[in-house]
A.B. asks: 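Dropping a structure here in structure tokens format, bear with me for questions.
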2 protein chains.
Amino acid sequence: MDQIARTTKDLGNVLRKARKARNLTQADLATLAGIWQRTVSNIETSASGAKVDTIFDLLAALDLELHIVPRSKMTLGDLEDIF
Amino acid sequence: MDQIARTTKDLGNVLRKARKARNLTQADLATLAGIWQRTVSNIETSASGAKVDTIFDLLAALDLELHIVPRSKMTLGDLEDIF
DNA sequence: ACAAATAATGATCCAGAGAACATTTTGCCT
DNA sequence: AGGCAAAATGTTCTCTGGATCATTATTTGT
């Protein structure tokens, strides 16, 4: 199941989840991504409207990529919500 | 087929493609997204490392959403490249 | 409950994005 | 070629994210 993000809050949550799934601390991830722990924290808590480049750095460090897809395309998660 | 973006350049291209597919001008889209034509142009041409919030505004206006998925998950496009 | 690891946050500086006007350039159509 | 619509780009201002230092709060394991 892939994660969907429509807001910065979503994005922060997804990133945190992905980081934890990899057993990385914010400091670890920051080092991997070439940014600061402070920034990782800010982004995960949606404390700032991050820059796209920073997000791409994080995604790359987490081995993730962005797929841009039409909204309203129903997902397995949606089905689970219904049934 | 959904679009993949790993860089701001990718993202700009995807957004432009989506906008054109909807027969919108940059000015139209800007209005829809509540931003400026100047900004749409900048983002489509990767002339600036945009802010995430701006991207979300654009995606919403284009009825698109972000899916965050593990990299290297093979896509149909990849297969087409191989065969 | 305690210690150790992890996350949150305070403060300052600087670079750069977006707002807000504009004009110029490019592309398309007939 | 000429004209119009669309995209690119110039400029100034303001605001804020990230870098960079730090310390405090919180979570987690035992």
Side-chain angles (χ1 to χ4, degrees), chain A residues 2-71, chain B residues 2-71:
Chain A
D2 50 271
Q3 305 291 330
I4 299 177
R6 290 185 180 153
T7 64
T8 38
K9 189 167 290 202
D10 291 344
L11 191 55
N13 291 336
V14 171
L15 289 173
R16 170 164 290 180
K17 214 168 153 185
R19 173 177 62 80
K20 293 207 161 164
R22 287 159 182 71
N23 274 7
L24 295 170
T25 67
Q26 291 184 342
D28 291 338
L29 178 55
T31 303
L32 282 176
I35 60 176
W36 295 86
Q37 180 260 324
R38 176 58 189 265
T39 303
V40 175
S41 174
N42 279 343
I43 287 172
E44 287 189 356
T45 60
S46 325
S48 76
K51 296 186 184 175
V52 176
D53 307 272
T54 312
I55 299 299
F56 277 123
D57 289 343
L58 284 172
L59 291 172
L62 290 166
D63 254 300
L64 295 171
E65 67 189 6
L66 288 187
H67 287 220
I68 295 107
V69 312
R71 242 187 24 180
Chain B
D2 51 89
Q3 304 292 326
I4 298 177
R6 290 184 180 157
T7 64
T8 39
K9 189 167 291 203
D10 290 344
L11 192 54
N13 291 336
V14 170
L15 288 173
R16 170 163 289 179
K17 213 168 153 186
R19 174 177 63 80
K20 293 207 162 164
R22 286 159 183 72
N23 274 7
L24 295 170
T25 67
Q26 291 184 341
D28 292 338
L29 178 55
T31 302
L32 282 175
I35 60 177
W36 295 85
Q37 180 261 324
R38 177 58 191 264
T39 304
V40 175
S41 174
N42 279 344
I43 288 172
E44 287 189 355
T45 58
S46 324
S48 77
K51 295 187 184 175
V52 176
D53 307 270
T54 312
I55 300 299
F56 276 123
D57 288 343
L58 285 172
L59 291 172
L62 289 166
D63 254 300
L64 295 171
E65 66 189 6
L66 288 188
H67 288 221
I68 295 107
V69 312
R71 244 187 22 179

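Chain letters run A, B, ... following the sequence lines, proteins first, then strands; residues in each count from 1. These values consider heavy atoms only, across backbone and side chains, with no hydrogens, waters or symmetry-generated copies.
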A.B. asks: Does the side chain of Gln26(A) get closer than 4.0 angstrom to OP1 or OP2 of dA8(C) through an N or O atom?
C.D. replies: yes
A.B. asks: NZ of Lys51(A) versus C1' of dA15(C): gap in Å, rounded?
C.D. replies: 7 Å
A.B. asks: Can a side chain N or O of Ser41(B) be found less than 4.0 Å away from OP1 or OP2 on dA7(D)?
C.D. replies: no
A.B. asks: Do the side chains of Glu65(A) and Arg71(B) get close enough for a salt bridge, i.e. N-O under 4.0 angstrom?
C.D. replies: no
A.B. asks: Taking atom P of dG18(C) as reference, at what distance in whole Å does atom CG of Leu29(B) sit?
C.D. replies: 13 Å
A.B. asks: Find the distance Asn23(B):CG to dA5(D):P and express it as a whole number of Å.
C.D. replies: 16 Å
A.B. asks: Rounded to the nearest Å, what distance is computed from the CZ atom of residue Arg16(A) to the P atom of nucleotide dT27(D)?
C.D. replies: 10 Å
A.B. asks: Between Arg19(B) and dA6(D), does any side-chain N or O lie under 4.0 Å from OP1 or OP2?
C.D. replies: no
A.B. asks: Please state whether the base of dG10(D) and the side chain of Arg38(B) form at least one donor-acceptor pair under 3.5 Å?
C.D. replies: yes
A.B. asks: Side chains of Asp28(B) and Thr25(B): is there a donor and an acceptor less than 3.5 Å apart?
C.D. replies: yes
A.B. asks: For residues Ala5(B) and Leu11(B), report the shortest heavy-atom separation together with the two atoms involved.
C.D. replies: CB-N, 3.9 Å
A.B. asks: Within the modelled atom types, does a donor on one side and an acceptor on the other bring the side chain of Glu44(A) and the base of dA7(C) under 3.5 Å apart?
C.D. replies: no
A.B. asks: Please report the distance, rounded to the nearest Å, between CD1 in Ile55(B) and C1' in dA17(C).
C.D. replies: 11 Å
A.B. asks: Roughly how many Å is it from CD1 in Ile43(A) to C1' in dG17(D), rounded to a whole number?
C.D. replies: 9 Å
A.B. asks: Ignoring backbone atoms, test whether Ser48(A) places a side-chain nitrogen or oxygen under 4.0 Å from the OP1 or OP2 oxygen of dG18(D).
C.D. replies: yes
A.B. asks: Take atom CG of Leu11(B) and atom C1' of dA17(C), then tell me their distance rounded to the nearest Å.
C.D. replies: 15 Å
A.B. asks: Whole angstroms only, please: what is the CG-P distance between Asp28(B) and dA5(D)?
C.D. replies: 13 Å
A.B. asks: Using 0.5 Å steps for rounding, measure from the CG atom of Leu62(A) to the CG atom of Leu29(A).
C.D. replies: 5.0 Å
A.B. asks: dT6(C), OP1 or OP2 - any side-chain N/O from Thr25(A) closer than 4.0 Å?
C.D. replies: no
A.B. asks: Where the side chain of Gln37(A) is concerned, which of dG18(C), dA22(D), dA7(D) is the nearest nucleotide?
C.D. replies: dA22(D)
A.B. asks: Indicate yes or no for a side-chain donor-acceptor contact from Thr31(B) to the backbone of Ala27(B) under 3.5 Å, with no hydrogens or angles considered.
C.D. replies: yes
A.B. asks: Heavy-atom nearest nucleotide on DNA chain C for Asn42(A) versus Ile35(B): which residue maps closer to 5'?
C.D. replies: Asn42(A)
A.B. asks: Is there a side-chain contact between Trp36(A) and the phosphate of dG18(D), meaning an N or O under 4.0 Å from OP1 or OP2?
C.D. replies: no
A.B. asks: Using a cut-off of strictly less than 4.0 Å, decide whether Thr39(B) has a side-chain nitrogen or oxygen near OP1 or OP2 of dA17(C).
C.D. replies: no
